[in-house]
Amino acid sequence: MRWSRAYIPTLRDDPTDAEAISHKLLVRGGFIRQLMAGSYSLLPLGKRVADKVIGIIRQEIEAIGGVEFELPVVHPGEVWKRTGRWDSVGDELLRIKDRRGADLALALTHEEIFTLHAGELASYRDLPQLWYHFQTKFRDEPRAKGGLLRVREFVMKDSYSFDLDTAGLDVQFDRHFEAYKNVFRRIGTDAVSVEASSGVMGGTESIEFMVRSDSGEDDIAICPACDYAANTEKATSALPAFGDQVWKAPPERFPTPGIRTIAALQEAEGFASAPQQIKTLAYVIDGQMTLLLLRGDHELMEQKLIDGTGTADIRPAHPEEIRRALGADPGSLGAVGVSHLPVIADPALEGRTNMVTGANEDDWHLRGVDVARDIEVSRWLDLRKVKAGEACPRCGAALALDRVIEVGHIFKLGTKYTEALGVTVLDPDGIERLVVMGSYGIGIGRAVAAAVEANHDESGIAWPAAIAPYEAVVTVVKADDPATLAAADEIYRGLLAAGVDVIINDRDERPGVKFADAELIGFPYRVTVGPRGLADGEVEVMRRRGRDKSTLPVGEAVAVVAAAITAERTL
RNA sequence: CGGGCUGUGGCGCAGCUUGGUAGCGCACCUGCUUUGGGAGCAGGGGGUCGUCGGUUCAAAUCCGGCCAGCCCGACCA
């Protein structure tokens, strides 16, 4: 490609609306432009990178037996109604009507439609199957942000496995796990796999692939000593036993005028350190007011509540509701003596005695509470958010918390969708069996952004060769000098002939501008051809990563660069 | 959805308080000089000031509605 014929609109300044590094660099480098909130056009460079990522994913999924489809983006609402997601998903699903008034939905994901097609499977002999495609999804996120990191419209690779039983699903799941590790390594991200919540997808087990970045929106707990790693939506930790002093008497009321917070109570009373308090939260779950109990210094992780109760219909109770149900305002609540409401308690409270909690009367608290004796717990459920430094549940080492970007997610779906849509096959005994499914996604744009987050420096992006928009740039120092241009052109053609994806910067610009653009865009190799070097029969080769330069005889440049790129391409 | 903020040429911004000929830097075009790390000089092109309405002799500027975008939070496969 000749730069003079390409469309590469680079910008000198960061766009004002960008925060994330990948957002700034992708816009400045001329890879993407925003159309509206959460919606980006890929410019030619962005398209080339995305295509290379797609190519790598395609290779890896084909390698584990995947066959490629392409499913529509506009779906009949009826299918989404049959699986129940028309109602359960909410406003994220963009609904439209056609001219006849029929309900349509924009694809949020493609479980429904792939499962529908799987209805043609008839025999166990047809299984296993592994189907995938690259297709646009639209999710009407309330708040898009971070450039390509969190958008409303995006292309995803999603694959779906169909098996006769869970053993088959396990095999396909494990194969995806390996394939995903390969993909993320090849695109230059050091992705870690973590246990995850399955959210509204349903299913029994799921693993997320995470890339560390301050621009991320998820947190993971990761053990430095063993292989434990989990999304904080799911992570747990081992807590040391708390040495409570025994209090034999029944709970005792004591006045706490004006005290409404755990911190204030800890401040006021020596016997009420935060871990000695019971935090009481009032939530409305599926319309039912419920008390949630946590240790005073612990925080609620709402996703655990959703996963544990099996409903996403949860919200904190309003102050009026609380007053009506308990007779006190938040800050003075407790579960002692409460029998008319369900009480869900975190296991960190199990067996604790001599604790402090609200008395359900403003300005009064109770001390000497024995959880087992004084509180009617209807259900124990891990609800707390893990904190950095707590002990790994497997090996006891201190857990670290990292901010990450979710770049891939694989789910064991089971029969949720095949059951809803009636997808069965006959097994060897002629018995009808529900097909067992898995689903596996990678967001292409997010993977590109994550690769930038992981591969950049102060002057721009430093793409891994495998996904760079071009693997090399030939920079013509003096484009209006025929001899220089001719020499550069010869190297350019030589690289093309050697199979290198190369662009020649033949524009009549000052060298500094061309160097800066090359580094901003992040081509892995730069060959600089100028009159000064040519006078000595030399050109300069610079590797983007590390920016180490070397001077080579003109005649050797093609072979050296081609060899270096060939080696890096397959890393 | 709650809170904060912003819409002025392709990009980044000033002008708005105190109404009166729309301005700066970058980018772009022409010429000359320059050319191995974001050149200099000279000349030039380009803007319904987000949008609709109101106030006024007069609105980028004051008032109101709407729209869009950004940030924090809630939310999120």
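First the proteins, then the strands, lettered A, B, ... as listed; each starts at 1. Just the heavy atoms: all of them, side chains too, but no hydrogens, waters or symmetry mates, feed the values below.
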Between protein and nucleic acid, restricted to nucleotides 29-34 of chain B and to nitrogen or oxygen atoms under 3.5 Å apart, what atom pairs and distances do you find?
residue : atom : partner  : partner atom : Å
B/rU34  : O2   : A/Arg510 : NH1          : 2.9

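- Following rounding to the nearest Å, A/Leu520 (CG) and B/rC11 (P) show an atom-to-atom distance of 17 Å.
- Using a cut-off of 4.0 Å between Lys/Arg side-chain N and Asp/Glu carboxylate O, A/Lys157 and A/Glu60 are scored as not salt-bridged.
- Distance check on atom P: B/rC41 versus B/rU34 gives 16 Å, rounded to whole Å.
- A donor-acceptor pair shorter than 3.5 Å can be found between the side chains of A/Tyr417 and A/Arg85.
- Residue-to-nucleotide proximity on RNA chain B shows that, of A/Gly512 and A/Glu509, the 5′-proximal contact is made by A/Glu509.
- A donor and an acceptor atom, one from each side chain of A/Gln288 and A/Thr290, are nowhere located under 3.5 Å apart.
- Taking the nucleotide of RNA chain B with the nearest heavy atom to each of A/Glu233 and A/Val513, the more 5' of the two is matched to A/Val513.
- In this structure, B/rC32 forms a base pair with B/rG40, meeting either the Watson-Crick or the G-U wobble geometry with both donor-acceptor distances under 3.5 Å.
- Residue A/Asp13 places its side chain closer to B/rG12 than to any other of B/rG12, B/rG36, B/rU35.
- Remark: the separation of the C1' atoms in B/rA27 and B/rA39 is 15 Å, to the nearest Å.
- Using P as the reference atom, B/rU6 and B/rU17 are 15 Å apart when rounded to the nearest Å.
- When rounded to the nearest whole Å, the span between CZ of A/Arg507 and C1' of B/rC28 equals 12 Å.
- Using bins of under 30°, 30° to 60° and over 60° for the plane-to-plane angle, the ring pair A/His409/A/Phe411 lands in the parallel bin.
- For the pair A/Glu540 CD and B/rG36 P, the computed distance is 13 Å after rounding to whole Å.
- You'll find that the side chain of A/Glu141 is closest to B/rC76, out of B/rC76, B/rG36, B/rA27.
- For the P atoms, the distance from B/rA14 to B/rG9 is 12 Å, rounded to whole Å.
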Spell out protein contact along nucleotides 46-51 of chain B as letters: B when the base is contacted, S when just the sugar-phosphate is, - when no protein heavy atom is under 4.0 Å; keep the 5' to 3' order. ------

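- For the 3.5 Å distance criterion, the side chains of A/Thr10 and A/Asp517 qualify, holding a donor opposite an acceptor.
- In this structure, A/Lys387 does not pair ionically with A/Glu299, as no charged nitrogen and carboxylate oxygen lie closer than 4.0 Å.
- At a threshold of 4.0 angstrom between heavy atoms, the contacts of A/Tyr440 with the nucleic acid are absent.
- Two residues are said to be in side-chain contact when any heavy atoms from C-beta on lie closer than 4.5 Å; A/Tyr160 and A/Thr109 meet this criterion.
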I'd like a list of close polar pairs between nucleotides 2-9 of chain B and the protein, N/O only, cut-off under 3.5 Å.
none

Base contacts versus sugar-phosphate-only contacts with protein, heavy atoms under 4.0 Å: please encode nucleotides 67-74 of chain B as B, S and - from 5' to 3'. --SSSBBB

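- Put simply, CD on A/Glu208 and OG on A/Ser193 are 10.5 Å apart, with the number rounded to the nearest 0.5 Å.
- In the model, A/Arg544 has no side-chain atom that pairs as donor or acceptor with a side-chain atom of A/Tyr525 under 3.5 Å.
- A/Arg547 has a carboxylate O that lies under 4.0 Å from a charged side-chain N of A/Glu519, or vice versa, which qualifies the two as a salt bridge.
- A salt bridge links A/Asp170 to A/Lys412: one of the charged nitrogens lies within less than 4.0 Å of a carboxylate oxygen.
- Summarising the geometry, atom CD1 belonging to A/Ile32 is positioned 7.5 Å from atom OG belonging to A/Ser22; distances are rounded to the nearest 0.5 Å.
- Remark: A/Lys81 engages A/Asp103 in a salt bridge, criterion side-chain N to carboxylate O under 4.0 Å.
- For B/rC66, the paired nucleotide is B/rG50, the pair qualifying as Watson-Crick or G-U wobble because both relevant distances are below 3.5 Å.
- Atom-to-atom, CG of A/Asp517 to P of B/rA27 comes out at 12 Å; the value is rounded to the nearest Å.
- Non-hydrogen atoms lying under 4.0 Å from RNA chain B are contributed by A/Arg526, A/Thr528, A/Gly530, A/Arg532, A/Gly533, all within residues 525-534 of chain A.
- In this structure, A/Arg2 pairs ionically with A/Asp489, as a charged nitrogen and a carboxylate oxygen lie closer than 4.0 Å.
- Pair assignment for B/rC26: B/rG10, on the basis of Watson-Crick or G-U wobble contacts that are both within less than 3.5 Å.
- With rounding to whole Å, A/Tyr7 atom OH is found 13 Å from B/rC28 atom C1'.
- Atom CG of A/Asp218 and atom P of B/rC76 are 12 Å apart (whole Å).
- With a cut-off of 3.5 Å on both Watson-Crick or G-U wobble distances, the partner of B/rG73 is given as B/rC1.
- Pair assignment for B/rA59 gives none, since no Watson-Crick or G-U wobble pairing has each distance under 3.5 Å.
- Spacing between atom NE2 of A/His318 and atom C1' of B/rC1 amounts to 13 Å, rounded to whole angstrom units.
- Here, B/rA74 and B/rG2 have their C1' atoms 8 Å apart, quoted to the whole Å.
- To the nearest whole angstrom, the two P atoms, one in B/rU61 and one in B/rG53, are 14 Å apart.
- For A/Ile32 and B/rC11, the CD1 to P distance is 15 Å, given to the nearest whole Å.
- Looking at heavy-atom distances under 4.0 Å, A/Arg446 makes no contact with the nucleic acid at all.
- Side chains of A/Lys137 and A/His110: a donor on one and an acceptor on the other come within 3.5 Å.
- When the P atom is compared between B/rA42 and B/rU48, the two are found 29 Å apart, to the nearest whole Å.
- Among residues two or more places apart in sequence or in another chain, the side chain to side chain donor-acceptor pair (under 3.5 Å) test is passed with A/Thr475 by none.
- Each of A/Tyr7, A/Trp463, A/Tyr40 was scored for a ring pair (Phe, Tyr, Trp, His ring centres under 6.0 Å) with A/Phe31, with one residue passing: A/Trp463.
- With 3.5 Å as the limit, one finds no donor-acceptor pair spanning the side chains of A/Tyr440 and A/Gln172.
- Using modelled atom types, one finds no donor on one side chain facing an acceptor on the other under 3.5 Å when comparing A/Glu538 with A/Thr551.
- As judged by a 4.0 angstrom heavy-atom cut-off over every strand, A/Asp481 is placed among residues making no nucleic acid contact.
- Rounded to a whole angstrom, the distance from the P atom of B/rG54 to that of B/rA60 is 15 Å.
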